[in-house]
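Reviewing the structure listed below.
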Amino acid sequence: MTTTATRLDAGRSRAAIAAKTLRTDRWWLPPLVTFVGLSAWVIYATVRVFMHSKYYVEQYHYLTPFYSPCLTDRCVEGSAEFGTPLPSFWLIPEAAFTLPFLLLFRLTCYYYRKAYYRAFWMSPPACAVPDGHKKYTGETRFPLIFQNAHRYAFYAAGIISVINTWDAVRAFQSGDKFGFGLGNIILVGNVVMLWAYTLSCHSCRHIVAGRLKHFSKHPVRYRFWLLVSKLNARHMQLAWITLGTLALTDFYVMAVSADWFHDLRFIN
């Protein structure tokens, strides 16, 4: 006895199923949540980057990562640690030299590829659900061929993480004295999460020891590889956590800079 689900059409090797998918669970929920979450973050980050204000607290040296390093000649006093070589045209972000590389690092990230391929391009939206496109060419043609630049974006992200670390360290200077407040905790927490996400990158894992044939001959690299491998298993969670810490850090600096509330100080 044959049914619609099991009967084979002549010349075909798969079942003749009229439905697009036989999944009865809410397969559409994860890509929908991803779409809403990523869209909300992109909108917030875009608005903040082009506000050109409320990004620095001079008293405590709090600088939001969205504006680091500050490089335009509109940068407020004390926020530009590396000079101001860029003009103050409104389409030029204060961190114009770093934001493109950070965007490239996120866009080419192996997890984010899965996320936005499913949520935005429906390619495919979920397992056992048909692709939303008639033709699939993978990452072999323009523009997706540039996904192969992920390793180089990782190098840039590492340098930028060093700059963010310096910003967090610099923030412990309150005037001419050592200072410590809630903002310092948020800045340091954000940097720790950014390093965890950066080091959990698949490219980092391969660079560290991916081509070694004998781990016993490279004990230091092997130990680092084990650490990176543990982080790599949490790469998806770290990808989302860092979006949250970046937004939280930026919002806190903006709020203190705008005098919406005062920084909670523990020392000085």
Side-chain angles (χ1 to χ4, degrees), residues 33-51 54-57 60-70 79 81 93-95 98-112 114-116 119 153-154 156-172 179-204 227-228 230-258 260-261 263-266:
V33 171
T34 300
F35 176 85
V36 173
L38 289 180
S39 297
W41 193 90
V42 169
I43 292 172
Y44 172 83
T46 302
V47 171
R48 281 293 293 135
V49 164
F50 290 103
M51 278 181 63
K54 300 178 179 62
Y55 54 84
Y56 182 64
V57 181
Y60 308 126
H61 293 283
Y62 291 166
L63 178 64
T64 170
F66 287 171
Y67 286 74
S68 177
C70 197
S79 64
E81 298 278 351
E94 272 64 25
T98 55
L99 289 178
F101 292 104
L102 289 176
L103 180 61
L104 181 64
F105 181 57
R106 297 270 174 171
L107 283 176
T108 58
C109 167
Y110 288 98
Y111 166 69
Y112 282 117
K114 168 190 172 182
Y116 65 76
F154 163 75
I159 296 174
I160 296 169
S161 293
V162 172
I163 296 174
N164 292 149
T165 302
W166 168 250
D167 292 334
V169 173
R170 185 83 165 83
F172 284 99
F180 178 64
L182 179 58
N184 295 103
I185 297 176
I186 293 175
L187 284 167
V188 171
N190 177 59
V191 165
V192 170
M193 289 296 102
L194 287 178
W195 273 116
Y197 168 67
T198 303
L199 294 178
S200 71
C201 171
H202 295 72
S203 292
C204 179
L227 172 63
V228 172
K230 291 180 181 179
L231 291 174
N232 182 254
R234 301 287 185 269
H235 195 51
M236 179 182 74
Q237 292 90 332
L238 290 169
W240 281 102
I241 289 172
T242 49
L243 291 185
T245 59
L246 281 167
L248 173 63
T249 303
D250 176 78
F251 181 83
Y252 187 86
V253 173
M254 175 176 63
V256 175
S257 176
W260 295 346
F261 53 76
D263 183 41
L264 177 62
R265 304 299 294 175
F266 305 114

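Below, all heavy atoms of this structure are taken into account, side chains as well, without hydrogens, waters or symmetry copies.
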Work out which heavy atom in [X] is nearest to a heavy atom in [Y]; give both atom names and the distance.
X	Y	value
Tyr62	Arg265	OH-NH1, 2.8 Å
Tyr67	Phe50	OH-N, 4.3 Å
Cys109	His235	SG-NE2, 3.3 Å

Would you please say whether a donor-acceptor pair under 3.5 Å links the side chains of Asp250 and Tyr55? no
Mind checking whether [X] and [Y] have side chains closer than 4.5 Å, heavy atoms only?
X	Y	result
Arg106	Leu243	yes
Phe266	Ile185	yes
Ile186	Val253	no
Phe251	Arg48	no
Val49	Leu99	yes
Thr98	Ser68	no
Leu38	Tyr112	yes
Phe154	Thr198	yes

Atom [atom1] of residue position [X] - does it have more than 12 heavy atoms of other residues, nucleotides or ligands inside 6.0 Å?
X	atom1	result
Tyr111	OH	yes
Phe101	CZ	no
Trp41	CH2	yes

Separation of [Y] [atom2] from [X] [atom1] (nearest 0.5 Å):
X	Y	atom1	atom2	result
Leu227	Leu231	CG	CG	5.0 Å
Thr108	Leu103	OG1	CG	9.0 Å
Asn164	Thr249	CG	OG1	9.5 Å
Leu182	Leu187	CG	CG	9.5 Å
Met236	Ser200	CE	OG	11.5 Å
Thr64	Leu246	OG1	CG	8.0 Å

Can you list every pair that meets side chain to side chain donor-acceptor pair (under 3.5 Å) and has a residue in residues 186-197, with sequence neighbours left out? Thr165-Trp195, Asn190-Thr245
Not counting sequence neighbours, which residues clear disulfide bond (SG atoms under 2.5 Å apart) with Cys70? List them please. Cys75
Run the numbers on Tyr252 and Phe261 for ring pair (Phe, Tyr, Trp, His ring centres under 6.0 Å), then give the verdict. CA-CA 9 Å; Tyr252 187 86; Phe261 53 76; 5.6 Å; yes
Only counting residues at least two apart or in another chain, list the ones meeting ring-ring contact (aromatic ring centres under 6.0 Å, His included) with Tyr110. His150, His202
Hey, is the main chain of Gly181 close enough, under 3.5 Å, to the side chain of Asp263 for a donor-acceptor pair? no
Residues Trp166, Leu63; criterion side-chain contact (heavy atoms from CB on, under 4.5 Å); working and verdict: CA-CA 11 Å; Trp166 168 250; Leu63 178 64; over 6 Å; no
Trace of the side-chain contact (heavy atoms from CB on, under 4.5 Å) decision for Glu94 with Phe66: CA-CA 8 Å; Glu94 272 64 25; Phe66 287 171; over 6 Å; no
Under the side-chain contact (heavy atoms from CB on, under 4.5 Å) rule, what do Asn184 and Tyr60 come out as? Steps first, then yes or no, please. CA-CA 9 Å; Asn184 295 103; Tyr60 308 126; over 6 Å; no
